[in-house]
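Working notes, structure below.
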Amino acid sequence: MDYSKISPLQFAILLVSFLLGSSLITQPGLLAGRHTWLALIIGVVAGLLLAWGFAVLANRFPGKTLVEINDLVYGAYMGKFISILYLWFLLHLATLVLHHLCDFITIIVPHTPRVVLMVFLLLVCASAARCGVEVIARCSLILVPLTFIACLFITTLATPIMDFKHFLPISHIDVAKLAMAALGASTFPFAESVAFLMVAFAISGRAHPKKAWTAGILIAGAMFAIITVRNIAVLGPVYGIFLNFPSHAAVRTIELGEVLTRLDLLLVVQFLTMGFLKLSVLYYGVALGTAQLFKITSYKPVILPLGAIIVNLSLLQFRSFQELINFAENTFPFYTIPFAIIIPLLTLLISSWRKPPIAQGEAL
Amino acid sequence: MNVLWILIAFAIMAWFEIPGLLQNNEKRDMYIFYGFYTAALLISILHVLGVNLPNPINSIEAGVVSFKNLF
């Protein structure tokens, strides 16, 4: 199968890239308008709680992926059924990320057919997934620090046009809107880190994945905080109401004389690289999970056919970007709950009650 | 014309994967590959021909709406 090993640091950085992925452009908690920062804080806290649950689960079954854990905890048939649900979730998530990425890229290259963008993007991800999680993690070690530096650079340049009065009034909060935005932020992207249960098996040594998971979420949360503050301070009251890509709109306004203009291209590169890493992790997870589900010797033969399915599903699902946004705001938070909260919690509870057979590596 | 592009893409995919599978002589791997390959090819051709394929989003949204209606 895949015998790659990654260090806890690589795991944490890969998690940062995964969380930044598509959320770098459409920020978490956008629905709360000028209170997005508050929704984001709630989202990070909820994300940490979820991540600790995932880490405990991963630590209880060292060296096992989510599919193998399901088999051990729920037995052969029920375990396979739950694994199929999870593989569907990861595959579907991959189609959403791909659609989102291409929607953004078509702003820059409007005349290129969407299918061409999708196929070529997915071919790069297929190549990364084929090389294994170790290679994807090494890519993230190079790309995430560069993204962080670029993010700080853009934010520093935006300082002259920031107006912190846009955060006022702080006390006037629409609680219902904030709650929905916080739910949105905790599910997109933090709860999506359940996908890392397909990667956590590769952590080398006996290190508890909790620290790596926590570090990943905190670093990503800090980057989101920087981006959110920048966007609100630059864009003001229209933030999150009329804009599909607030980061893009904010960065476009930065102009330093005639020398530094069109910095949004830097944002495109950031988004593409983080999107590539997120898509590669999801793609790898689906391929590896499928191979384990059908008990085949390697996950590599299913990579390309799965890629074709991802492209087709991605093209099929939404007719416009507004439909995707509508789905992300109203449906996705509830759609994620069973996969990120209910089933992992149930798995944790059952594995605690039936500890001895699992410790011996037997199916229940 | 689009169908032709799909057939070319899938022919390249087969040319890339099948020799390795034949060399390893793992029948199970081969069957699973053929299963996914056929499914992907079928979906691609139907999609290009404009056949109305079921959209998973509709089912997911219907499920979430009925969940919301419980409260």
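Below, all heavy atoms of this structure are taken into account, side chains as well, without hydrogens, waters or symmetry copies. The chains referred to below are lettered A, B, ... by the order of the sequence lines, with proteins before strands, and numbering in each begins at 1.
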Step by step, work out the side chain to side chain contact (heavy atoms under 4.5 Å, CB included) result for A:L282 and A:F18. CA-CA 9 Å; A:L282 289 168; A:F18 182 86; 3.8 Å; yes
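- Aromatic ring pairs are classed by plane angle as parallel below 30°, tilted from 30° to 60° and perpendicular above 60°; the pair A:F188 and A:H100 is tilted.
- B:E17 touches chain A through its side chain: at least one heavy atom from C-beta onward sits under 4.5 Å away, while N, CA, C and O do not.
- Within a 6.0 Å radius of CH2 in B:W5, other residues, nucleotides and ligands contribute 12 heavy atoms or fewer.
- Only the side chain of A:L313 has a heavy atom closer than 4.5 Å to any heavy atom of chain B.
- At a 4.5 Å heavy-atom cutoff, the contact between B:F67 and chain A is made by side-chain atoms alone.
- With a 4.5 Å cut-off on side-chain heavy atoms, A:L183 and A:F334 count as touching.
- A:L123 has its side chain within reach of A:V119: a pair of non-hydrogen atoms, C-beta onward, lies under 4.5 Å apart.
- For B:F16, the part lying near chain A is the side chain, with the backbone staying farther off; criterion is any non-hydrogen pair under 4.5 Å.
- For A:T95, no part lies near chain B; criterion is any non-hydrogen pair under 4.5 Å.
- At a 4.5 Å heavy-atom cutoff, the contact between B:L21 and chain A is made by side-chain atoms alone.
- For A:L306, the part lying under 4.5 angstrom from a heavy atom of chain B is the side chain only.
- Classification of the A:F327-A:H92 ring pair by plane angle, with boundaries at 30° and 60°, yields perpendicular.
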